[in-house]
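The chains referred to below are lettered A, B, ... by the order of the sequence lines, with proteins before strands, and numbering in each begins at 1. Worth saying up front: this structure is predicted, and the values here are computed from it rather than measured. Computed from heavy atoms alone, side chains included, the values below leave out hydrogens, waters and symmetry copies.
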Amino acid sequence: MTTATALRDTATLTGRVLRHWRRRPVSIALGLMFPVLMVLMFGYLFGGAMAVPDGRYLDFLIPGMLAMTMLFGLEALVVSITADTAKGVTDRVRAMPVTTGAVLASRSAADLLNAVVGLGVMVATGLLVGWTAQRGVLPALAALGLLVWLRFAFTWIGTYLGLLLKTPESAVAVQVLVWPVGFLSSAFVSPATMPDWLGLVATWNPLSATATAIRELFGNPAWHDGGWAARHSVALALLWPAVLTAVFLPLAVRQYRALGR
Amino acid sequence: MAYGDTAIEAVDVRKRYRGKVALDGFDLTVEAGTVCGLLGPNGAGKTTAVRILTTLLRPDGGRVRVAGRDVLADPRAVRYRIGLVGQDTSVDEVLSGRQNLVLFGKLCHLPTAAARRRADELLERFELTGAADRSVAGYSGGMRRRLDLATSLILSPPVLFLDEPTTGLDPRTRIDVWACVKSLVGDGTTVLLTTQYLEEADQLADRIAVIDAGRVVAEGTPDELKAKVGPDRVETVTRKPTLDEVFLHLTGHRPTTEPS
Ligand SMILES: Nc1ncnc2c1ncn2[C@@H]1O[C@H](COP(=O)(O)OP(=O)(O)OP(=O)(O)O)[C@@H](O)[C@H]1O
Ligand SMILES: [Mg+2]
């Protein structure tokens with residue numbers, strides 16, 4: 001087993017997921033449009049009621065939605081992995097000389113490509129509604145890097161859950177759970193406006209770390225309480241995904257191997 | 001693999017699922033170039049045995065060798081030498097038939113051009129050329145089964161496992177699958193097929209192993225078995241094929257090709 005073979009297998013399996021998109025353009029388009037609709041809904045429908053201390057609500061919302069978009073991808077990944085198991089494709093691949101690493105890495109790689117496209121659509125939407133990055137190109141690129149880094153961690157949570165849940169029906173649970181995780185963060189409102197205990201959860205939510213960090217890097221209104229987590233948001237946005245990956249990547253590998261038990 | 005070699009060897013294989021015994025001292029030997037029919041009722045352990053022999057499941061105990069390799073010690077080598085058609089079809093439903101064959105050809109480490117050539121050959125051989133570029137989601141049950149078989153034959157594996165290859169197929173498509181198995185055996189492939197129908201085992205197998213409650217309870221050539229097995233058992237397993245024969249008589253023996 002050479003590294004070159006493993007890389008080719010990873011590319012082959014990643015290409016498979018991309019071909020799926022080409023054959024299902026409508027569901028892909030809907031997936032990309034969903035966060036755009038949320039921006040319009042929150043920005044224009046609720047936005048009037050949201051008073052951000054140092055700026056427009058839309059400029060606060062866009063970075064939050066960029067972070068949310070990273071979370072939304074999770075569900076599609078889980079459904080896709082459970083569908084493979086249910087349709088016997090997982091077993092077909094397991095009966096072929098393909099390593100665990102290639103199978104799992106291809107899932108992560110394909111999902112990251114999906115995330116990059118999703119980010120592109122969201123950034124374009126943001127620019128259209130008048131949002132801009134205030135601090136220049138390099139901090140903006142760093143912010144996008146932090147978002148992809150967060151998604152990288154999420155791909156391992158998704159892969160683990162997909163292998164654990166096994167059926168597409170149970171994957172619906174993830175769809176439901178994504179919402180409280182997303183809203184219990186600083187994506188839409190400042191945790192300072194929440195009841196104490198909720199605010200505490202929201203402050204330490206990995207999504208909040210990334211949202212707050214990229215607001216800083218984009219130079220967008222931050223609307224935070226100035227607490228420790230907010231002041232160290234960039235460090236937290238680097239650390240949280242590392243911790244999540246360190247936990248869920250080995251769990252995903254273990255769960256894949258457990259298919260043989 | 002030379003004739004007379006052992007292609008499949010399972011010795012005292014045991015498997016429990018959370019305390020429930022699925023295989024309870026399963027023994028089986030299949031000579032290279034022969035067809036073995038693993039015959040048994042629902043829940044007998046056929047699929048469990050096939051999954052262990054094809055590296056998909058680790059047994060709790062016992063020794064397993066396939067195509068001259070130890071399944072537990074060297075699963076990767078075994079995977080290059082086997083084909084598996086599972087009980088339920090296992091092809092990518094979103095992709096087309098051709099995309100499936102090229103994908104799995106590449107995963108068997110054929111160079112891309114060779115994988116494409118092989119896909120064309122197999123599409124032709126399994127009469128799927130007309131439907132080659134359509135999504136598998138629109139294939140009939142028989143077409144899926146043929147694609148499944150084609151996918152398992154990409155590397156021309158010396159040992160082929162078929163888990164209830166004709167369950168759920170109409171009798172005419174069943175005849176197609178039988179013809180395919182017979183032609184493979186003509187090329188020297190060793191085949192292990194599981195079935196619930198004595199008729200099917202009788203048609204295809206050189207030797208039959210009857211499995212019940214996780215162990216082989218009788219083994220021999222079809223004729224030996226008919227003599228050895230009690231008449232009540234033969235009675236229950238032969239009833240279904242008799243109905244098939246009536247159906248075949250009414251619909252004609254000619255294998256069908258589906259619209260593409
Ligand atoms: N994943 C599993 N978890 C728990 N029990 C299982 C599992 N798979 C099979 N079993 C049990 O193990 C026994 C053997 O099952 P197996 O699927 O091997 O039988 P089979 O002969 O293939 O049956 P069928 O003809 O219905 O396909 C059965 O009692 C079954 O209920
Ligand atoms: Mg079975």
Side-chain angles (χ1 to χ4, degrees), chain A residues 1-28 76 79-107 110 163 166-168 254 256-261, chain B residues 15-18 47 50-60 71-72 74-96 98-100 102-112 115 133-137 144 148 151-152 154-155 157 161 163:
Chain A
M1 181 67 196
T2 63
T3 314
T5 315
L7 285 176
R8 180 174 181 248
D9 289 347
T10 307
T12 303
L13 287 164
T14 306
R16 167 182 173 245
V17 182
L18 302 189
R19 287 205 173 82
H20 278 198
W21 299 352
R22 281 205 354 227
R23 289 204 172 250
R24 284 190 304 207
V26 175
S27 68
I28 293 303
V79 168
S80 167
I81 291 175
T82 53
D84 272 2
T85 305
K87 300 276 181 200
V89 176
T90 306
D91 276 347
R92 159 89 54 202
V93 173
R94 287 179 60 234
M96 292 187 157
V98 181
T99 56
T100 306
V103 174
L104 300 186
S106 71
R107 279 301 182 176
L163 293 168
K166 293 196 174 69
T167 65
R254 207 183 69 165
Y256 186 76
R257 300 231 160 104
L259 293 173
R261 266 188 264 123
Chain B
K15 180 70 191 178
R16 291 164 169 268
Y17 295 104
R18 292 200 190 91
T47 298
V50 167
R51 287 175 64 81
I52 287 173
L53 291 167
T54 54
T55 77
L56 290 177
L57 200 61
R58 283 186 83 82
D60 301 330
V71 171
L72 293 171
D74 197 0
R76 201 177 158 76
V78 172
R79 288 174 188 146
Y80 275 114
R81 290 167 175 78
I82 59 166
L84 165 65
V85 178
Q87 188 163 353
D88 305 302
T89 49
S90 56
V91 284
D92 188 320
E93 298 210 348
V94 180
L95 300 182
S96 70
R98 188 193 309 279
Q99 285 177 324
N100 265 283
V102 174
L103 167 72
F104 291 118
K106 284 178 166 180
L107 292 179
C108 289
H109 304 139
L110 291 179
T112 306
D133 297 308
R134 289 209 326 248
S135 167
V136 172
R144 275 171 207 232
D148 221 0
T151 308
S152 310
I154 290 171
L155 287 186
F161 294 86
D163 193 4

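Checked by atom type, the side-chain pair B:Ser152/A:Arg92 shows a donor-acceptor distance below 3.5 Å.
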Candidate pair A:Asp9 and B:Lys106, rule side-chain contact (heavy atoms from CB on, under 4.5 Å), full reasoning: CA-CA 8 Å; A:Asp9 289 347; B:Lys106 284 178 166 180; over 6 Å; no
**Prompt:** Would A:Asp91 and B:Arg51 satisfy salt bridge (Lys or Arg N to Asp or Glu O under 4.0 Å), going step by step from the backbone distance to the final call?
**Reply:** CA-CA 9 Å; A:Asp91 276 347; B:Arg51 287 175 64 81; 2.7 Å; yes
Under the side-chain contact (heavy atoms from CB on, under 4.5 Å) criterion, do B:Asp92 and A:His20 qualify, and how do the steps go? CA-CA 10 Å; B:Asp92 188 320; A:His20 278 198; 2.6 Å; yes
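Residue B:Tyr17 does not touch chain A at all, counting heavy-atom pairs closer than 4.5 Å. Of the atoms belonging to B:Asp88, not a single heavy atom falls under 4.5 Å from chain A. Proximity to chain A involves both the backbone and the side chain of B:Asp148, based on heavy atoms less than 4.5 angstrom apart. Only the side chain of A:Arg24 comes within less than 4.5 Å of a heavy atom of chain B; its backbone N, CA, C and O stay farther away.
Side chain of B:Arg58 to backbone of A:Gly260: no donor-acceptor contact under 3.5 angstrom is found. Checked by atom type and distance alone, the side chain of A:Arg16 never pairs as donor or acceptor with a backbone atom of B:Asn100 at under 3.5 Å.
Using a 4.5 Å cut-off on side-chain heavy atoms (C-beta onward), B:Leu57 and A:Arg261 make no contact. At least one side-chain heavy atom of A:Thr99 sits under 4.5 Å from a side-chain heavy atom of B:Arg76. Inter-residue side-chain proximity for B:Thr112 and A:Arg8 is flagged as met; some heavy-atom pair is nearer than 4.5 Å. Taking the side chain as every heavy atom from C-beta outward, B:Val91 and A:Val89 never approach each other to under 4.5 Å. The closest side-chain heavy-atom distance from A:Arg23 to B:Gln99 is below 4.5 Å.
Counting heavy-atom pairs closer than 4.5 Å to chain A, the top residue among B:Ile52, B:Ile82, B:Leu95 is B:Leu95. Here B:Thr151 is the residue among B:Thr55, B:Thr54, B:Thr151 with the most heavy-atom pairs under 4.5 Å with chain A.
The CG atom of B:Leu84 lies 11.0 Å from the CZ atom of A:Arg94; values are rounded to the nearest 0.5 Å.
Taking the side chain to side chain donor-acceptor pair (under 3.5 Å) definition, one finds that B:Thr89 meets it with nothing, sequence neighbours left out.
Counting all heavy atoms, side chain and backbone alike, B:Ser90 lies closest to A:Gly88 at CB-O, 3.2 Å.
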